Amino acid sequence: MRNKIYKNIALALCIIFGASACDDFVGNGFNDNPNAVTSVSLESLLPVGIESAASLQYQVSFTTSQVTQQMYGGGASDHEPFSLPGSWTEAYLVSLLNMDQVVKQATEEGVPHYAGVAQVLMAQTVGMVTDTWENAPYSEALSGFTNPQPAYDSQEDLYVAIDELLTSALVNLSTPAVEGVEIGSEDLVYEGDIAKWIKLAYSLKARYAIHLTNKGATAAADEALSAITSGFDSNDDDFELIYNDVNKNPWHLTPVLANNTGNITIYPGAYFIDEMNGVNFPFTTITEDPRLRVLTTPNDPSFTTLVGTSLDGTQLGNTNLSETSYNTTVDAPVTVMGYAELKFIEAEAYLIKNDNVNAYSAYLEGISATMEKLGVDGSSYLADASVSVGAANLTMALIMKEKYIALFLSPETWVDMRRMGYDTDVYPNFLAPPVEIQDSEVPEGAFPQRALYPPDEYSRNNASVTAAFNSFADQMWRDQ
């Protein structure tokens, strides 16, 4: 499947950039084949966007999970300015270009469901881009060679674009299917179940609404809650790409296989483990979160207390990600958005509105959904007095603790930490990087707020990227 996808990407890029670009690529037409296809079908293009969504999720989270201290990757690398050039390329040259082509082609062919699915994928990609870099090209970014130096849209405008894409997607997805042209196995996640794509679109609307709490908490909460009513109903609705023995889960390829060969070292971070072993939130009757030994694998099963690797590397962990850990098996899914995340968004939104009863219900359901997904018995955990606090005692810290665990290895955790201002009232004991491992250009005690623009952007679009630049430690518009 992956080889087929990459061939389709190459062909799709030729179509998007025009025949002259293809001629240059293959040697001025020397290898022209009169029998070769000159267009790409929607059935071939759609899997490219789905696979790209999961790939981008992994690529961004590999670095940002170190920033959030879910993982430890070698100290300085966690907190030096990073630019994620591979993720930028994935977003623009794979996801957005191909899905924009699907929208145009589906519109021309009169098959709105394909257009709607592509718009949902585009919205998620634009969200990932702006949440990672802030200002970025979009309104002028998909015109190919006619505008090789597109202007950067503001984050405020990009959030408007995300909502517009999702709104348009819902119109297309709600239109009756064209007989004989229905999405099928090329939909690598939902297998053509349009009702689930509609739920995903509404769930993403809720996600991007709650991101804007610093721009008006009540309005953001209201918008999120409105969308949630039509969003995911259970874990069965999760948007995730499931891998197999041939197309291996990327979290298996890097942390597991690379760690085993000594090429890369990345381990569960101390803060993540401390969220689950009673250090940051002391338990009353239990000693450990039952999810801990599913998400990580102890170096020795006899260990009674698990610890992670500290931010400065002075404390070495005794648990790891292995071939049997939930997220790092060969065929583990990469979840782009799931039901548990939606429930924690709902809990936060209701708490903002001082509706503790509904907030508490959503909080408990989010925990239960995570336990169910991981296949563990959460009854003792949910019964512990430190978790089962009652509606009146629910806090943002408890909601974010559970969301932090549920969204292990998701870039959304970094979004939450930044919009919460890395507040230690919400994230107890979360420390700024020690000055000895922090880049000299970053103010002491400052936290990462964004990725820097990839170096190649300065050579191909210098004026636009220079105008859009903000420093590594400057808050995004979204979080101010």
Side-chain angles (χ1 to χ4, degrees), residues 61-82 251 254-283 286-328 381 386 397 400-410 413-414 416-417 420 422-440 442 444-448:
S61 63
F62 184 84
T63 296
T64 61
S65 65
Q66 298 172 54
V67 174
T68 60
Q69 299 173 29
Q70 290 181 327
M71 298 296 291
Y72 166 84
S77 63
D78 306 357
H79 299 281
E80 289 178 349
F82 49 84
W251 279 107
T254 304
V256 175
L257 298 186
N259 273 354
N260 289 345
T261 60
N263 293 322
I264 294 178
T265 54
I266 180 169
Y267 309 111
Y271 191 81
F272 173 69
I273 302 301
D274 287 349
E275 287 282 85
M276 305 181 76
N277 64 9
V279 172
N280 295 334
F281 292 86
F283 296 124
I286 62 175
T287 58
E288 184 179 281
D289 188 315
R291 294 169 289 189
L292 179 52
R293 293 174 192 252
V294 176
L295 293 172
T296 72
T297 303
N299 297 341
D300 185 326
S302 67
F303 290 153
T304 57
T305 301
L306 299 186
V307 297
T309 302
S310 63
L311 186 59
D312 59 5
T314 57
Q315 173 185 290
L316 299 180
N318 61 6
T319 190
N320 210 334
L321 301 183
S322 77
E323 296 183 4
T324 61
S325 304
Y326 179 82
N327 295 98
T328 50
Y381 181 86
S386 66
M400 287 300 155
K401 169 209 172 185
E402 294 298 339
K403 192 178 180 186
Y404 180 93
I405 295 168
L407 271 62
F408 181 47
L409 305 180
S410 169
T413 303
W414 190 33
D416 288 340
M417 282 194 159
M420 296 286 164
Y422 292 96
D423 188 350
T424 53
D425 286 337
V426 178
Y427 299 98
N429 304 322
F430 193 84
L431 301 175
V435 66
E436 61 268 19
I437 71 166
Q438 196 167 3
D439 189 273
S440 59
V442 179
E444 182 176 352
F447 291 100

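None of these values were measured; they are calculated from a predicted model.
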Tell me, please, which residues at least two apart from [X] pass side-chain hydrogen bond (donor to acceptor under 3.5 Å, both in side chains).
| X | answer |
| --- | --- |
| Arg291 | Asp289, Tyr381, Glu402 |
| Asn429 | Asn280 |
| Ser65 | none |
| Tyr422 | Trp414 |

Atom [atom1] of [X] and atom [atom2] of [Y]: how far apart are they, to the nearest 0.5 Å?
| X | Y | atom1 | atom2 | result |
| --- | --- | --- | --- | --- |
| Tyr267 | Leu316 | OH | CG | 8.5 Å |
| Asp425 | Met420 | CG | CE | 12.0 Å |
| Met276 | Thr296 | CE | OG1 | 7.5 Å |
| Gln69 | Phe430 | CD | CZ | 3.5 Å |

Original post:
Can you name the salt bridge (Lys or Arg N to Asp or Glu O under 4.0 Å) partners of Glu275, sequence neighbours left out?
Top reply: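 Partners of Glu275 by the salt bridge (Lys or Arg N to Asp or Glu O under 4.0 Å) criterion come out as none, since no residue qualifies.
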Who passes side chain to side chain contact (heavy atoms under 4.5 Å, CB included) against [X], sequence neighbours left out?
| X | value |
| --- | --- |
| Ser386 | Phe283, Thr284, Asp384 |
| Thr324 | Thr297, Ser322 |
| Thr413 | Thr68, Gln70, Tyr404, Leu407 |
| Thr314 | Ser310, Asp312 |

Spell out, as yes or no, whether a donor-acceptor pair under 3.5 Å connects the side chain of [X] to the backbone of [Y].
| X | Y | answer |
| --- | --- | --- |
| Asn318 | Thr305 | yes |
| Asn277 | Leu306 | yes |
| Thr328 | Trp251 | no |

Smallest separation among heavy atoms of [X] and [Y], with atom names:
| X | Y | result |
| --- | --- | --- |
| Thr309 | Tyr72 | CG2-CD2, 3.4 Å |
| Glu288 | Thr304 | OE1-O, 4.1 Å |
| Pro448 | Phe82 | CB-CE2, 4.5 Å |
| Phe62 | Ile266 | CE1-CD1, 3.7 Å |
| Leu321 | Leu295 | CD2-O, 3.4 Å |

**OP:** Go through the steps to decide whether Arg293 and Thr319 satisfy the test side-chain contact (heavy atoms from CB on, under 4.5 Å), and finish with yes or no.
**Re:** CA-CA 9 Å; Arg293 293 174 192 252; Thr319 190; over 6 Å; no
**OP:** Could you list the residues that satisfy ring pair (Phe, Tyr, Trp, His ring centres under 6.0 Å) with Phe408, not counting sequence neighbours?
**Re:**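 Testing Phe408 for ring pair (Phe, Tyr, Trp, His ring centres under 6.0 Å), a comparison that skips the adjacent residues, returns Phe272.
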Original post:
So, do Met417 and Val67 sit near enough that their side-chain heavy atoms are less than 4.5 Å apart?
Top reply: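 A side-chain contact under 4.5 Å is absent here.
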Original post:
Restricting to pairs with a member in residues 298-308, which pass salt bridge (Lys or Arg N to Asp or Glu O under 4.0 Å), not counting sequence neighbours?
Top reply: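 Pairs touching residues 298-308 that pass the test: none.
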